[in-house]
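To find a chain, count down the sequence lines: A is the first, B the second, and so on, and within it residues start at 1.
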Number of protein chains: 2
Amino acid sequence: MGKRFLRSIRMLAECMQLFEQISTAKVRQFGLTHSQFDIIATLGNTQGMTCKELGEKTLITKGTLTGVLDRLEQKKLISRERGNNDRRQFFVKLTPLGEAAFDEVFPHVVAEGEKHFADYSEADYQALEDALGKLRHHFSAEK
Amino acid sequence: MGKRFLRSIRMLAECMQLFEQISTAKVRQFGLTHSQFDIIATLGNTQGMTCKELGEKTLITKGTLTGVLDRLEQKKLISRERGNNDRRQFFVKLTPLGEAAFDEVFPHVVAEGEKHFADYSEADYQALEDALGKLRHHFSAEK
DNA sequence: TATTGTTATACTCTATAACTATA
DNA sequence: TATAGTTATAGAGTATAACAATA
């Protein structure tokens with residue numbers, strides 16, 4: 001029977017759902033959506049980046065990204081500046097308020113997630129990462 | 001440093017994103033959204049179930065579920081019948097067309113995913129499932 | 001009173017295509 | 001011609017609260 005992999009996928013999806021429940025609850029306490037937090041977390045501790053780069057990292061398509069960035073700009077959490085070299089580009093970065101949000105929200109989300117790993121040993125981590133690394137490799141390959 | 005778990009989470013998210021890219025492409029070829037496919041896949045090979053049950057299995061909240069079911073009903077893929085025992089309940093099940101869709105789409109999604117596990121050994125599966133099982137257990141526990 | 005499911009509201013995300021400005 | 005990003009469009013999912021019918 002060749003459906004063995006379905007069990008693994010189901011487990012993968014369950015883990016992801018559970019983690020999203022945990023993290024989304026925290027994120028929403030701060031008035032952010034999952035996509036918005038994704039942007040904030042991606043921009044955190046960076047000098048900023050172009051929309052293109054941001055889209056590639058978050059897997060949000062450009063039309064959608066404009067809307068998400070608009071809402072973050074309304075909240076004064078990010079700023080957009082025309083590029084100097086290439087004036088087609090926008091350079092997106094966190095405002096001081098955005099950095100404050102990052103500093104405030106990110107540790108909470110992290111702490112919330114971390115609770116669930118309280119008694120993970122180095123071997124546990126290694127086993128998980130090995131398994132996921134192999135899986136990622138298989139999913140990435142062209143088939 | 002206690003942020004070791006972030007790497008695992010990132011890998012988990014990447015695996016999930018990759019798999020969703022693979023499966024969503026297939027699902028959309030058949031004119032279904034991810035949520036809609038979720039419902040179809042959940043109802044497939046069952047006698048049907050109540051909205052409550054369906055919401056619990058798919059993690060879609062009841063207000064949202066009504067909308068998703070409406071769209072599936074428009075497409076003649078599911079039917080809703082008042083319960084006989086408890087007339088507050090609706091019993092949701094696949095129509096013959098819905099079953100046909102399940103039979104048609106599900107194997108395609110499965111086959112698409114399966115390609116990526118082509119050379120997985122029993123030991124590979126076991127290692128992945130052990131790691132994910134442990135993770136799921138930790139995420140499920142109240143903290 | 002509690003539960004099942006719907007309705008109403010308001011927002012967010014989504015993909016896609018056409019468009020503008022720059023390269 | 002190609003690229004970066006916006007705008008326009010139309011749909012779909014989301015949470016929430018108020019509601020109807022039934023238990």
Side-chain angles (χ1 to χ4, degrees), chain A residues 16-17 20-43 48-75 77-93, chain B residues 17 20-21 23-43 48-75 77-93:
Chain A
M16 200 61 217
Q17 274 181 334
E20 278 180 356
Q21 283 182 318
I22 293 165
S23 69
T24 299
K26 268 293 166 205
V27 165
R28 300 192 79 239
Q29 279 179 17
F30 291 89
L32 297 172
T33 65
H34 186 272
S35 294
Q36 289 169 11
F37 177 70
D38 233 26
I39 301 288
I40 302 278
T42 304
L43 290 174
M49 62 191 75
T50 62
C51 292
K52 182 177 160 62
E53 224 176 323
L54 207 44
E56 283 163 2
K57 296 208 186 206
T58 57
L59 296 184
I60 298 176
T61 54
K62 61 183 184 178
T64 305
L65 187 60
T66 298
V68 178
L69 293 180
D70 285 348
R71 286 179 282 276
L72 285 171
E73 204 172 29
Q74 272 175 17
K75 292 179 188 168
L77 296 176
I78 61 150
S79 64
R80 279 187 273 207
E81 276 175 42
R82 278 284 176 200
N84 291 323
N85 307 342
D86 184 338
R87 292 193 45 77
R88 287 171 307 183
Q89 296 185 117
F90 271 112
F91 202 70
V92 185
K93 59 183 183 183
Chain B
Q17 275 181 335
E20 278 181 355
Q21 285 182 319
S23 70
T24 300
K26 268 293 167 205
V27 165
R28 301 192 79 236
Q29 279 179 17
F30 292 88
L32 297 172
T33 65
H34 186 273
S35 295
Q36 289 169 13
F37 178 70
D38 234 26
I39 301 288
I40 302 278
T42 304
L43 290 174
M49 61 191 75
T50 63
C51 292
K52 182 177 160 63
E53 223 176 324
L54 207 43
E56 283 163 2
K57 296 209 185 206
T58 58
L59 298 182
I60 298 176
T61 54
K62 62 183 183 177
T64 303
L65 187 59
T66 298
V68 178
L69 293 180
D70 285 347
R71 287 180 281 276
L72 285 170
E73 205 173 28
Q74 272 175 19
K75 293 180 187 168
L77 296 175
I78 61 148
S79 64
R80 280 187 270 207
E81 274 174 44
R82 279 282 176 203
N84 290 323
N85 307 342
D86 184 338
R87 292 193 45 77
R88 289 173 305 184
Q89 298 185 108
F90 271 111
F91 202 72
V92 185
K93 59 182 182 183

Student: A:Gln17 has an atom CD; how far is it from atom P of D:dT14, in whole Å?
Tutor: 11 Å
Student: So if I take residues 48-56 of chain B and measure heavy-atom distances to DNA chain C, which residues fall below 4.0 Å?
Tutor: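 B:Thr50, B:Cys51, B:Lys52, in order of number.
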Student: Please tabulate, for side-chain N and O atoms in residues 56-67 of chain A, each donor-acceptor pair with protein atoms closer than 3.5 Å (sequence neighbours left out).
Tutor:
{"unit_1": "A:Glu56", "atom_1": "OE2", "unit_2": "A:Lys52", "atom_2": "NZ", "d": "3.3"}
{"unit_1": "A:Thr58", "atom_1": "OG1", "unit_2": "A:Leu54", "atom_2": "O", "d": "2.7"}
{"unit_1": "A:Thr61", "atom_1": "OG1", "unit_2": "A:Thr64", "atom_2": "OG1", "d": "3.3"}
{"unit_1": "A:Thr66", "atom_1": "OG1", "unit_2": "A:Lys62", "atom_2": "O", "d": "3.3"}

Student: In whole Å, what is the span from the CG atom of B:Leu69 to the P atom of D:dG13?
Tutor: 10 Å
Student: Does the structure place the NZ or CZ of A:Arg82 under 6.0 Å from the centre of the six-membered ring of A:Phe90, at an angle of no more than 45° from the ring's axis?
Tutor: yes
Student: Which atom names give the shortest non-hydrogen contact between A:Met49 and A:Thr42, and what distance separates them?
Tutor: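 For A:Met49 and A:Thr42, the tightest heavy-atom pair comes out as CE-O, 3.7 Å.
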Student: NA contact type, B:Thr66, heavy-atom cut-off 4.0 Å: base, sugar-phosphate, or nothing?
Tutor: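 The answer is base, as B:Thr66 lies within the cut-off (heavy atoms under 4.0 Å) of a base atom.
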Student: With sequence neighbours excluded, tell me which residues meet salt bridge (Lys or Arg N to Asp or Glu O under 4.0 Å) with B:Arg71.
Tutor: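 None.
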Student: Between D:dT6 and A:Arg80, is there an OP1 or OP2 to side-chain N/O distance shorter than 4.0 Å?
Tutor: yes
Student: Please figure out whether B:Lys75 or A:Asp70 has its closest DNA chain D nucleotide nearer the 5' end.
Tutor: A:Asp70
Student: Nearest whole angstrom, please: distance from the P of C:dT6 to the CG of B:Leu65.
Tutor: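 In whole Å, C:dT6 P lies 8 Å from B:Leu65 CG.
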Student: Are any protein N/O atoms closer than 3.5 Å to N/O atoms in nucleotides 9-11 of chain C? If there are, list each pair with its distance.
Tutor:
none

Student: Mark up nucleotides 15-23 of chain D, 5' to 3', with B wherever a protein heavy atom is under 4.0 angstrom from a base atom, S wherever such an atom reaches only the sugar-phosphate, and - elsewhere.
Tutor: BB----BBS
Student: Not counting sequence neighbours, which residues clear salt bridge (Lys or Arg N to Asp or Glu O under 4.0 Å) with A:Arg87? List them please.
Tutor: none
Student: Nearest whole angstrom, please: distance from the P of D:dT14 to the CG of A:Leu32.
Tutor: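 Those two atoms, CG and P, are 18 Å apart.
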Student: If the condition is salt bridge (Lys or Arg N to Asp or Glu O under 4.0 Å), which residues does A:Arg88 pass it with, not counting sequence neighbours?
Tutor: A:Asp86
Student: Taking only side-chain nitrogens and oxygens of B:Ser35, does any of them come within less than 4.0 Å of OP1 or OP2 of D:dA12?
Tutor: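 So the side chain of B:Ser35 is outside the cut-off, no N or O lying under 4.0 Å from OP1 or OP2 of D:dA12.
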Student: Minimum heavy-atom separation for A:Cys51 and A:Val92, please, with both atom names.
Tutor: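 For A:Cys51 versus A:Val92, the nearest heavy atoms are SG-CG2, 3.8 Å.
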Student: Can you list the residues that meet the side-chain hydrogen bond (donor to acceptor under 3.5 Å, both in side chains) rule with B:Gln89, with sequence neighbours excluded?
Tutor: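 In terms of side-chain hydrogen bond (donor to acceptor under 3.5 Å, both in side chains), with neighbours along the sequence ignored, B:Gln89 is linked to no residue.
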Student: Please report the distance, rounded to the nearest Å, between CD in A:Glu81 and P in D:dT6.
Tutor: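 About 14 Å, once rounded to whole Å.
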Student: Whole angstrom is fine here: how far is it from CD in B:Glu20 over to C1' in C:dA15?
Tutor: 16 Å
Student: With sequence neighbours excluded, tell me which residues meet side-chain contact (heavy atoms from CB on, under 4.5 Å) with A:Gln29.
Tutor: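 With sequence neighbours excluded, A:Gln29 shows a side-chain contact (heavy atoms from CB on, under 4.5 Å) to A:Lys26, given in chain and number order.
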Student: Of all residues at least two apart in sequence or in a different chain, which pass the salt bridge (Lys or Arg N to Asp or Glu O under 4.0 Å) check with B:Glu73?
Tutor: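 B:Arg80.
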Student: List in chain and number order the residues that pass side-chain hydrogen bond (donor to acceptor under 3.5 Å, both in side chains) with A:Lys75, two or more places apart in sequence or in another chain; answer none if no residue qualifies.
Tutor: A:Gln36
Student: Between A:Gln36 and B:Phe91, which residue's closest nucleotide on DNA chain C lies nearer the 5′ terminus?
Tutor: B:Phe91
